[in-house]
Amino acid sequence: MKVMVTGGAGYIGSHVVKALLGSGYEVLVLDNLDKGHREAVVGGDFIEGDLADKELLDDIFSGHDIEGVIHLAAHSLVGESMEDPGKYYDNNVSRGLNLLEAMINNEVEYMVFSSTAAVYGEPEEIPITEEHPLQPTSVYGESKLFYEKILKRYDQIHGLQYTSLRYFNAAGADPRGEIGEAHEPETHLIPIVLQTVLGKRDELYIFGDDYPTRDGTCIRDYIHVNDLARCHILALEALIEGMPSRIYNLGNGEGYSVREVIKTAEKVTGQKIDAKIGKRRPGDPAALVASAEKAKEELDWKPEYPDLESIIESAWNWHSSGGFS
Ligand code: UFG
């Protein structure tokens, strides 16, 4: 069975591709390589192209027997989305719509969509369930929410079956060290901490220590990228077996503060890590922790890396061996 993965050369996408290949699927990756890395795609067919190209999309669907699409291609920086909203609405909504139209025109019925905890905005209660109010505070989160709404309508009107996976903080790397996280510029906490240890960065800042949390720093729910990846396959298989469209949170249900992440990284790397206290980063909620019970129950999904130490260990293994460079 052939599965198309948009954004398959990106951090999460490349781990999804590897997991699909490992489960015996044929894979076709579509990625414009704007942020992705060609070498991150460890197998399958690769097409360099953009979702803006409607003709290409039609060619792909008419030329390949694609059973379902895992759609990860998107811009994903909260800060950038607040400076250049048009870029986010265009890429994450309009171009994504081209993909849906091409799927409908070619009778491809199943989509697993890469959504985000950012659809919830500032949480009213922790842990966050899928029923939590949807009040995104960033254009990024809103663009993903718009797409979820479009998916709902395409289900009602065209019979498209979808699963939307709202990720919390994806982290870690392929345990075999073949692929990992390599953003340019890097904005995420764990790679920044590890790059500091490796001397690739001069300074590490904690963005605020006056939040109403146990140690004053922000709390996040870190989930191993391979656990995320496996859930995409479970979601796709459930759709194919006839499960109706659904939405799931994906996290471990356990929150760690920025200080706890740094402390765990010290343990994993065996090095003392100096961090300065900086200003709060605009738009950062104090705490984001998932309730992932629904995915666990309905998809029979169980994280294999539920603890922060093993997540950071896999990331350290990747970063300390040089990454893609
Ligand atoms: N942080 C620091 N110093 C840094 C980098 C991050 O203190 O140098 C802090 C942040 O303020 C935040 C925490 O570390 O409290 C985690 O930050 P990340 O940038 O790693 O992750 P975010 O929680 O900001 O982002 C994640 C996803 C986004 C998604 C967002 C939704 O990576 O894609 O959650 O809120 F949009």
Side-chain angles (χ1 to χ4, degrees), residues 7 10-13 15 35 72-82 85 88 91-92 113-123 126 128 132 134-145 147-148 165-173 181-183 185-197 200-225 228 249-252 255-265 273-290 308 311-312 315 319:
Y11 168 45
I12 299 171
H15 288 79
K35 290 268 161 56
L72 301 105
H75 292 311
S76 62
L77 297 176
V78 171
E80 185 187 54
S81 79
M82 298 305 281
Y88 279 70
N91 198 38
N92 297 2
F113 174 57
S114 154
S115 189
T116 171
V119 297
Y120 297 114
E122 190 67 47
I126 296 283
I128 299 171
H132 187 282
L134 301 166
Q135 298 153 342
T137 48
S138 68
V139 168
Y140 167 63
E142 193 172 54
S143 70
K144 290 285 185 175
L145 181 56
Y147 203 77
E148 284 193 359
L165 301 177
R166 293 177 178 161
Y167 314 151
F168 281 64
N169 286 59
E181 185 167 12
H183 294 112
E186 190 52 77
T187 61
H188 295 100
L189 179 64
I190 292 175
I192 286 178
V193 169
L194 298 179
Q195 286 170 356
T196 310
V197 175
K200 293 185 175 172
R201 249 170 219 278
D202 297 336
E203 298 172 314
L204 165 65
Y205 279 94
I206 294 174
F207 296 150
D209 69 346
D210 57 352
Y211 284 96
T213 60
R214 50 185 176 259
D215 64 14
T217 67
C218 287
I219 290 179
R220 293 289 181 273
D221 184 341
Y222 296 91
I223 169 159
H224 195 281
V225 66
L228 274 185
N249 285 341
L250 291 186
N252 273 311
Y256 295 95
S257 72
V258 175
R259 283 193 201 280
E260 287 163 351
V261 168
I262 296 171
K263 225 182 169 84
T264 308
I273 302 170
D274 289 320
K276 299 183 175 129
I277 305 301
K279 284 196 294 218
R280 287 184 176 197
R281 189 170 64 177
D284 271 346
L288 286 175
V289 181
L308 184 63
I311 292 174
I312 295 182
H319 284 281

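FYI, the numbering just counts along the sequence from 1. Everything numeric in this text was worked out from a predicted model, so none of it was measured. When a ligand or atom number is given, it counts from 1 through the structure's own listing order.
- For Tyr222, there are no side chain to side chain donor-acceptor pair (under 3.5 Å) partners, not counting sequence neighbours.
- Residue contacts with ligand 1 leave out Ala117, since none of its heavy atoms falls under 4.0 Å from the ligand.
- Of all the heavy atoms in Ala171 and Ile190, the pair that sits closest is CB-CD1, 3.8 Å.
- The atoms of ligand 1 that sit less than 4.0 Å from any heavy atom of Tyr222 are 13 (C), 16 (C).
- Scanning all protein heavy atoms for the shortest distance to atom 9 (C) of ligand 1 gives Val258 CG2, 3.8 Å.
- Counting heavy atoms only, Asn169 comes closest to atom 26 (C) of ligand 1 of the residues Leu77, Asn169, Ile206.
- Proximity annotation for atom 5 (C) of ligand 1: of Tyr256, Phe207, Tyr205, Phe207 comes nearest, heavy atoms only.
- The structure places NE2 of His224 at 14.0 Å from CG of Asn169, a figure rounded to the nearest 0.5 Å.
- Residues Ser115 and Lys144 come closest through the heavy atom pair OG-CB, 4.0 Å.
- At the top of the distance list for atom 31 (C) of ligand 1, counting protein heavy atoms only, stands Ala118 CB, 3.6 Å.
- Judged by distance alone, the side chains of Glu80 and Tyr140 never bring a donor and an acceptor atom under 3.5 Å apart.
- For the residues Ala171, Cys218, Pro285, Ala287, the heavy atom positioned nearest atom 15 (O) of ligand 1 is part of Cys218.
- Neither the backbone nor the side chain of Tyr11 has any atom closer than 4.0 Å to an atom of ligand 1 (non-hydrogen atoms only).
- Atom 36 (F) of ligand 1 has its closest protein heavy atom at Tyr140 CE2, 2.9 Å.
- Between Tyr11 and His183, the ring planes are perpendicular. Angles over 60° get that label, and only those under 30° would be called parallel.
- Protein heavy atom closest to atom 30 (C) of ligand 1, with residue, atom name and distance, is Val78 CG2, 4.4 Å.
- No N or O atom of Thr116 sits closer than 3.5 Å to an N or O atom of ligand 1.
- Between Asp215 and Glu260, the shortest heavy-atom distance links the atoms OD2-N, 4.3 Å.
- Counting the atoms of ligand 1 from 1 in the order shown, those under 4.0 Å from a heavy atom of Arg220 are 15 (O), 16 (C), 23 (O).
- For atom 17 (O) of ligand 1, the nearest non-hydrogen atom of the protein is Arg281 NH2, 3.4 Å.
- In this structure, Tyr120 and His132 have perpendicular ring planes: the angle between them is above 60°, well past the 30° mark.
- Ile128 and Pro123 get closest at one heavy-atom pair: CD1-CB, 3.7 Å.
- Summarising the contacts of atom 14 (O) of ligand 1 with Ile192, Thr213, Leu189, Leu288, the nearest heavy atom is found in Leu189.
- From the protein, the heavy atom lying nearest to atom 11 (O) of ligand 1 is Asp284 OD2, 2.6 Å.
- Under a 3.5 Å cut-off, the side chain of Asp209 and the backbone N or O of Ile277 do not form any donor-acceptor pair.
- Take Glu186 and apply the salt bridge (charged side-chain N to carboxylate O under 4.0 Å, His left out) test, not counting sequence neighbours, and it matches no residue.
- Residue Ser76 has at least one heavy-atom neighbour below 4.0 Å for each of these atoms of ligand 1: 33 (O).
- Which of Arg259, His188, Glu203 comes nearest to atom 27 (C) of ligand 1 through a heavy atom is settled by distance: it is His188.
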